[in-house]
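Every heavy atom of this structure was used, including side-chain atoms; hydrogens, water molecules and symmetry mates were not.
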Amino acid sequence: DPKPGDLIEIKRRLYQHWTLYLGDGYVIHVTAVDEDAPALSASTVTLCTKKAMVRKQLLEEVVGDGDWYVNNKYDSCHAPFPVEEIIRRAESWINKEWTYGLVKKNCEHFVTMLRYGDGVSDQVSNVKGAPMYLT
């Protein structure tokens, strides 16, 4: 079971979507600006528009029929903020716009920025060989 402040990796067909667990079944994540867009197509929409929204949603709604697991993989090299600070930082972003960028400002960058203060993404760096940090 996830705990508040945990990073959740959701497996998609060609990529992973990342959320941060807030508690009581809710997560925060970067998704399409259009509230009616299905979560599964959000990354395609944001790639085209470069605009995204930060939303608080039930984990089960975001996951859909995908698989998910807690993945705090950066804890060994980045000290997470205290849980109360992670949640405070996360809640300050709800319903705000996020300028999306696949290489430097993707959904993994967003949630790792909330947990650690630095936005990191292995998804992009696996191609290049080193973690990509949010600048």
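With rounding to the nearest 0.5 Å, the separation of CG in L114 from CH2 in W18 is 13.0 Å. Summarising the geometry, atom CG belonging to N106 is positioned 10.0 Å from atom CD belonging to Q16; distances are rounded to the nearest 0.5 Å. Atom CD in E60 sits 13.0 Å away from atom CG in D65 (nearest 0.5 Å). Expressed to the nearest 0.5 Å, how far CZ of R89 lies from CD1 of I28 amounts to 11.0 Å. For the atom pair CG (L7) and OG1 (T112), the distance works out to 7.0 Å, reported to the nearest 0.5 Å. Within the model, atoms CH2 of W68 and CD1 of I10 stand 9.0 Å from one another, a figure rounded to the nearest 0.5 Å.
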**Q.** side chain to side chain donor-acceptor pair (under 3.5 Å) evaluation trace for E108 with Y15
**A.** CA-CA 11 Å; E108 187 177 8; Y15 65 98; over 6 Å; no

Q) Could you go step by step and tell me if L59 and I8 meet the side chain to side chain contact (heavy atoms under 4.5 Å, CB included) rule? A) CA-CA 9 Å; L59 174 61; I8 296 180; 4.0 Å; yes

Q | Verdict with supporting geometry, N95 and R55, side chain to side chain contact (heavy atoms under 4.5 Å, CB included) | A | CA-CA 6 Å; N95 294 325; R55 300 274 187 225; 3.1 Å; yes

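Side-chain contact between P80 and D75: present, with at least one pair of heavy atoms (C-beta onward) separated by less than 4.5 Å. No side-chain heavy atom of Y100 sits less than 4.5 Å from a side-chain heavy atom of H109. Considering only heavy atoms from C-beta on, M53 stays 4.5 Å or farther from V30 through its side chain. Side-chain atoms of W93 and M113, non-hydrogen and from C-beta on, do get closer than 4.5 Å to each other. The side-chain heavy atoms of V62 and H29, taken from C-beta on, include a pair separated by under 4.5 Å. In this structure the side chain of Y69 never reaches within 4.5 angstrom of the side chain of P2, judged on heavy atoms. For the pair L20/I86, a side-chain contact is recorded, criterion being any heavy-atom separation below 4.5 Å from C-beta on. Side-chain contact between L22 and V27 is absent, with no heavy atoms from C-beta onward closer than 4.5 Å.
A donor-acceptor pair is defined here as one N or O able to donate and one able to accept, closer than 3.5 Å; such a pair exists between the side chain of R115 and the backbone of G5.
Among residues two or more places apart in sequence or in another chain, the side-chain hydrogen bond (donor to acceptor under 3.5 Å, both in side chains) test is passed with Y26 by none. Remark: E91 pairs with no residue by the salt bridge (charged side-chain N to carboxylate O under 4.0 Å, His left out) rule, at least two apart or across chains. Considering only residues two or more places apart in sequence or on other chains, K11 meets the salt bridge (charged side-chain N to carboxylate O under 4.0 Å, His left out) condition with E9.
Across all their heavy atoms, G23 and P4 have their closest contact at CA-CG, 4.1 Å.
Proximity of the aromatic rings of W98 and F110 is defined here by a centroid distance below 6.0 angstrom, and this criterion is met.
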